[in-house]
Amino acid sequence: MAPIRVRIAPSPTGPLHIGTARTALFNFLFARHHGGTFILRLEDTDQARSTAAFEKDIVDNLHWLGLSWDEGPAVAGGEERGSYGPYRQMERLERYAEAAEQLLREDRAYPCYCTPDELEAERRRQEATGQSPSYSGRCARLTAVERRTREAEGLRPAIRFRIGPGTVAFDDAVRGRVEIDTAVLGGDLVIVRADGTPLYHFTVVVDDAAMAVSDVIRGEDHLSNTPKHILLFRALGHPEPRFAHLPLILNPDRSKMSKRKSQTAIDDYVAEGYVREALVNFLALLGWSTGTEDEILSLDELIERFDLGAVQKGGAVFDRQRLEWLNGQWIRRLEDDDLVERLLPFLEADAVAGRIDRVPAAAEVEAILPLVRERLPVLGSIGDVAGFFFCEEVGLDPSVLIPKRWDRATTHDGLQAARATVEAAGASGFEAERLEAGLRALAEERGWKAGDLFMAIRVALTGKTATPPLFESMVALGREQTLERLARAIDTLEEA
RNA sequence: GCCCCCAUCGUCUAGAGGCCUAGGACGCCACCCUUUCAAGGUGGAGACCAGGGGUUCGAAUCCCCUUGGGGGCACCA
């Protein structure tokens with residue numbers, strides 16, 4: 001059997017899309033599971049929409065996800081590796097020209113002089129009469145003389161591939177046998193534009209053939225196009241690869257996931273603080289499952305257990321809540337120093353945005369990790385959860401400062417007593433258990449509910465009612481800061 | 001319109017004829033833990049397996065039809 005070679009072939013006409021990432025992942029898992037080769041090919045023949053910035057976004061984010069490829073551009077705009085290159089379609093133009101030439105020579109393709117306007121009009125007429133849009137084949141039987149006449153008129157032809165009668169069948173790895181009548185393919189297919197640039201259905205086949213791709217694993221949106229590809233493989237005299245069409249990722253309304261209805265750019269998820277492990281884990285389980293009840297799976301585990309045959313046929317709705325849960329699971333599993341390193345950029349962003357006053361050192365972040373770890377649904381929440389540690393002052397709203405069951409006087413009283421207690425504990429007593437014991441004793445002595453006292457202190461120190469554990473937070477904040485913030489809260493109550 | 005694909009809790013899914021009075025996870029609800037928020041633990045609600053016909057001793061699982069949903073039909077990818 002030929003070696004396993006699969007590819008992901010994004011076009012740099014937009015940022016890396018969730019769906020593309022999922023297709024890349026499945027190709028990657030398949031290749032790694034079988035010890036095959038994973039290829040990245042950039043389909044940049046749509047020059048009007050392709051940009052270097054999108055290429056960078058795609059390549060960088062694929063790297064970020066950890067989906068390393070064996071052949072293709074190593075980095076955006078950079079060198080390529082692999083012996084089947086080049087891996088950018090705009091650099092493969094001669095090959096398409098040659099292949100088109102071959103098809104022309106064998107009369108499996110022909111020049112078509114119809115203009116876009118004429119074709120558009122034809123399509124309109126067909127739709128108006130309830131027919132399905134299909135090229136009439138007007139230029140299919142032009143004689144050599146007729147062609148010369150048109151050339152003499154200065155007309156530049158597109159090239160059309162002849163779609164013969166019959167039915168094309170293939171065995172899809174996830175769907176089983178699929179048969180499609182070629183009559184339904186829309187007529188002879190344009191493979192090269194009038195300006196000489198090749199079209200997708202053509203380049204994909206020429207390249208998959210040239211790159212010896214063994215398995216084409218892609219989204220279900222290509223299922224209906226597969227017969228065109230198979231016909232092209234045959235015309236080119238190349239054995240066709242195996243096909244596997246993955247179920248689509250869906251918007252909440254079950255339509256194909258789109259930018260309009262969902263957040264589709266991987267980069268946006270990165271920016272919010274989703275970790276690669278969670279995204280990969282989540283995407284892998286969208287449309288595939290291990291058949292067991294295991295849900296938290298690392299990339300290595302996914303590789304080991306991946307099975308194309310176990311892929312679901314129906315589309316899967318992208319459920320953000322489930323992704324968020326998985327993200328929390330993975331954040332809890334990261335090593336301390338790793339998590340710190342991933343948190344730092346978010347703190348830097350918070351500082352730039354003025355949400356915190358300074359960027360803490362790695363050691364400081366590591367020190368509060370136990371306090372914040374299980375409170376981070378995404379890395380980007382670090383500012384909300386722990387920002388008060390890195391602010392000079394905290395915003396104090398008297399109405400929040402005063403606990404529900406307390407009034408202003410009690411709160412003032414409570415904070416003053418608390419401050420005295422903390423101060424009396426001294427530097428040596430500034431330790432979570434001692435602080436808690438001292439403050440509990442204070443509450444008891446004054447007949448206060450400990451929870452109320454703690455809440456007043458919590459808000460005084462953090463400005464919020466939902467925070468990491470209080471006493472550990474006091475320790476992390478330091479004695480001086482704690483006393484200072486308590487004093488400021490007391491002042492605030494006096495002024496209000 | 002035509003063609004293709006699909007169909008188990010709201011969502012992701014387990015299920016390859018008897019183990020299913022359909023299991024797990026997310027979300028939701030309750031309780032426990034608890035200084036708040038999380039996390040964690042326990043329990044619960046939630047699917048007449050889209051509907052109807054077959055096949056079979058027996059069907060979520062096989063076949064057919066219907067319905068519903070999705071995708072594709074470009075000189076986009």
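All values derive from a computational prediction rather than experimental measurement. Keep in mind that the numbers below use all heavy atoms, side chains included, and drop hydrogens, waters and symmetry copies. Residue numbers begin at 1 in each chain, while the letters A, B, ... track the order of the sequences.
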* Distance in angstrom units between A/K404 NZ and B/C37 C1', rounded -> 12 Å
* Structure fact -> Scanning all shown strands, the Watson-Crick or wobble mate of B/G1 with both distances under 3.5 Å is B/C73
* Asked: Can you tell me if the side-chain N/O atoms of A/Q312 get under 4.0 Å from OP1 or OP2 in B/A14?
  -> yes
* To the nearest angstrom, how far is A/W448 atom CH2 from B/U35 atom P? -> 18 Å
* How long is the span from the NE2 atom in A/H245 to the OG1 atom in A/T226, to the nearest 0.5 Å? -> 3.0 Å
* Using heavy atoms to find the nearest nucleotide of RNA chain B for A/P133 and A/F454 separately, return the residue whose nucleotide is more 5′. => A/P133
* To do: Mind checking A/F282 for me? I need base, sugar-phosphate or nothing, with any heavy atom below 4.0 Å counting as a touch.
  => nothing
* Asked: Does A/Q47 make a side-chain N or O approach to OP1 or OP2 of B/A77 shorter than 4.0 Å?
  -> no
* Asked: How is A/G219 classified with respect to the nucleic acid when contacts are heavy atoms under 4.0 Å: base, sugar-phosphate, or nothing?
  -> nothing
* Structure fact -> Picking from B/A74, B/C12, B/U36, the nucleotide nearest the side-chain atoms of A/R322 would be B/C12
* Is there a donor in the side chain of A/R305 and an acceptor in the side chain of A/T292, or the other way round, less than 3.5 Å apart? -> yes
* To the side chain of A/K313, which of B/C73, B/A39, B/C6 is closest? -> B/C6
* A/E220 CD - B/G70 P separation (whole Å) -> 12 Å
* To do: For A/L470, report the nucleic acid contact type (base, sugar-phosphate, nothing); a contact means any heavy atom under 4.0 Å.
  => base
* Taking atom C1' of B/G71 as reference, at what distance in whole Å does atom CE of A/M257 sit? -> 17 Å
* Between B/C26 and B/G41, how far apart are the P atoms? Round to whole Å, please. => 9 Å
* Asked: Whole-Å distance between B/U36 P and A/L439 CG?
  -> 15 Å
* Asked: For A/H222, which contact category applies under a 4.0 Å heavy-atom criterion: base, sugar-phosphate, or nothing?
  -> base
* Tell me: CG of A/N251 to C1' of B/G10, nearest whole Å? -> 16 Å
* **Spacing between A/I331 atom CD1 and B/A39 atom P, to the nearest angstrom** => 12 Å
* Select base, sugar-phosphate, or nothing to describe what A/P469 touches, counting heavy atoms under 4.0 Å on all strands. => base
* Contact class for A/E324 (heavy atom, under 4.0 Å): base, sugar-phosphate, or nothing? -> nothing
* Is it true that the side chains of A/T115 and A/D117 contain a donor and an acceptor less than 3.5 Å apart? -> no
* Taking the side chain of A/L119 as its heavy atoms from C-beta onward, which of B/U35, B/C75, B/A77 lies nearest to it? -> B/C75
* Is A/R175 side chain donor-acceptor paired with the B/C5 base, going by distance under 3.5 Å alone? -> no
* Can a donor-acceptor pair be found between the side chains of A/T167 and A/D181 at a distance below 3.5 Å? -> no
* Quick one: on RNA chain B, does A/G314 or A/S134 contact a more 5' nucleotide (nearest heavy atom)? -> A/G314
* Asked: Just wondering, more than 12 heavy atoms not from A/E94 lying within 6.0 Å of its CD?
  -> yes
* To do: Can you tell me the distance, in whole Å, between the CG atom of A/L326 and the C1' atom of B/U11?
  => 13 Å
* Asked: Does any donor-acceptor pair link the side chain of A/S255 with the base of B/G70 at a separation under 3.5 Å?
  -> no
* Within the structure shown, what part of the strands sits under 4.0 Å from A/S11 by heavy-atom distance: base, sugar-phosphate, or nothing? -> sugar-phosphate
* Between the side chains of A/S298 and A/E301, does any donor sit under 3.5 Å from an acceptor? -> yes
* Provide the distance between the two C1' atoms, one in B/U8 and one in B/C3, to the nearest whole Å. => 28 Å
